[in-house]
Amino acid sequence: MTEKKLRLFKLGVLISGRGSNLMALHQHIQSATLNAEIAVVISNVIDAPGLAWAQTQGLTCYGIERKIFPSKAEYEKKITDLLTSHHVDLVVLAGYMAILGKDFIEHFRNRIVNIHPSLLPAFPGLHPQRQALAAGVTESGCTVHFVDEGVDTGKIIAQKTVPVLPDDTEDTLSERILKEEHQLYAKAIEIVANRL
Ligand code: GRF
């Protein structure tokens with residue numbers, strides 16, 4: 001058995017907003033349906049509800065805004081150093097609303113995952129649920145994928161399909177997909193953990 005298998009798989013979770021995927025991952029870990037540990041939470045929005053919640057849970061967390069750094073490269077260097085100092089095995093984007101730079105992606109190549117509320121490669125980028133409704137599809141869902149330099153283009157790890165109903169609004173479809181995201185992310189992370 002390797003040293004990595006003897007210790008818990010460490011996640012570094014990057015958020016910008018409400019943090020429901022972060023909460024779901026924490027819940028999976030608490031109930032032992034995900035064998036991992038949230039080593040650090042970093043939000044690029046100081047007043048993100050997800051960051052406030054992480055504090056209440058006693059998770060190690062930081063709010064670090066891009067604007068206090070002279071450049072995006074320096075901001076991302078700070079994030080890289082924090083993730084490294086917390087010995088993170090996998091960087092987990094959970095509603096992190098910023099495009100990661102080349103150096104960051106290269107540094108953590110194949111160790112950054114994201115969750116996106118569509119069945120990629122369909123509907124990448126912003127408002128995927130709105131895009132799905134506009135396209136008139138009868139099924140949508142969510143995808144967990146590795147992050148590369150493109151927008152939602154990295155290798156797919158896992159997907160879950162949900163129906164799109166005739167009377168769906170962006171809100172009702174988002175809610176149906178989000179419920180599945182909260183299950184899929186933990187499963188996908190377990191898959192990655194077993195591969196690394
Ligand atoms: C989720 O729908 C996720 O798929 C997308 O951003 C949203 C984040 O929600 N990338 P939350 O902050 O995890 O609640």
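Whatever order the structure lists ligands and atoms in, that order sets their numbers, starting from 1. Computed from a prediction, not measured in an experiment: that's the story for all the values here.
Looking only at heavy atoms of the protein, atom 9 (O) of ligand 1 is closest to R18 NH2, 3.3 Å. Looking from atom 3 (C) of ligand 1 to the surrounding protein, the closest heavy atom is E181 OE1, 3.1 Å. Atom 6 (O) of ligand 1 has its closest protein heavy atom at G95 CA, 3.6 Å.
Contact check on E149 versus R109 returns a salt bridge, with a Lys/Arg side-chain nitrogen under 4.0 Å from an Asp/Glu carboxylate oxygen.
When only interatomic distances are considered, the shortest N/O to N/O separation between N21 and ligand 1 falls below 3.5 Å. On a distance-only criterion, N114 and ligand 1 share no N/O pair closer than 3.5 Å. Checking only distances, L22 never comes within under 3.5 Å of ligand 1, N or O to N or O.
For atom 10 (N) of ligand 1, the candidate residues are I115, L25, L93; the nearest heavy-atom contact is made by I115. Ranked by closest heavy atom to atom 12 (O) of ligand 1, the top entry among G17, S43, G19 is G19.
Annotation for K160: atom NZ does not count as buried by contact number, only 12 or fewer foreign heavy atoms lying within 6.0 Å. Around atom CD1 of I99, no more than 12 heavy atoms belonging to other residues, nucleotides or ligands sit under 6.0 Å away.
Evaluation of the ring pair (Phe, Tyr, Trp, His ring centres under 6.0 Å) test over residues 62-90, restricted to residues two or more places apart or in two chains, returns Y62-H86, F69-Y75.
Between N21 and L178 the shortest side-chain heavy-atom distance falls below 4.5 Å. Looking at heavy atoms from C-beta onward, E139 lies out of side-chain contact with P163 at the 4.5 angstrom threshold.
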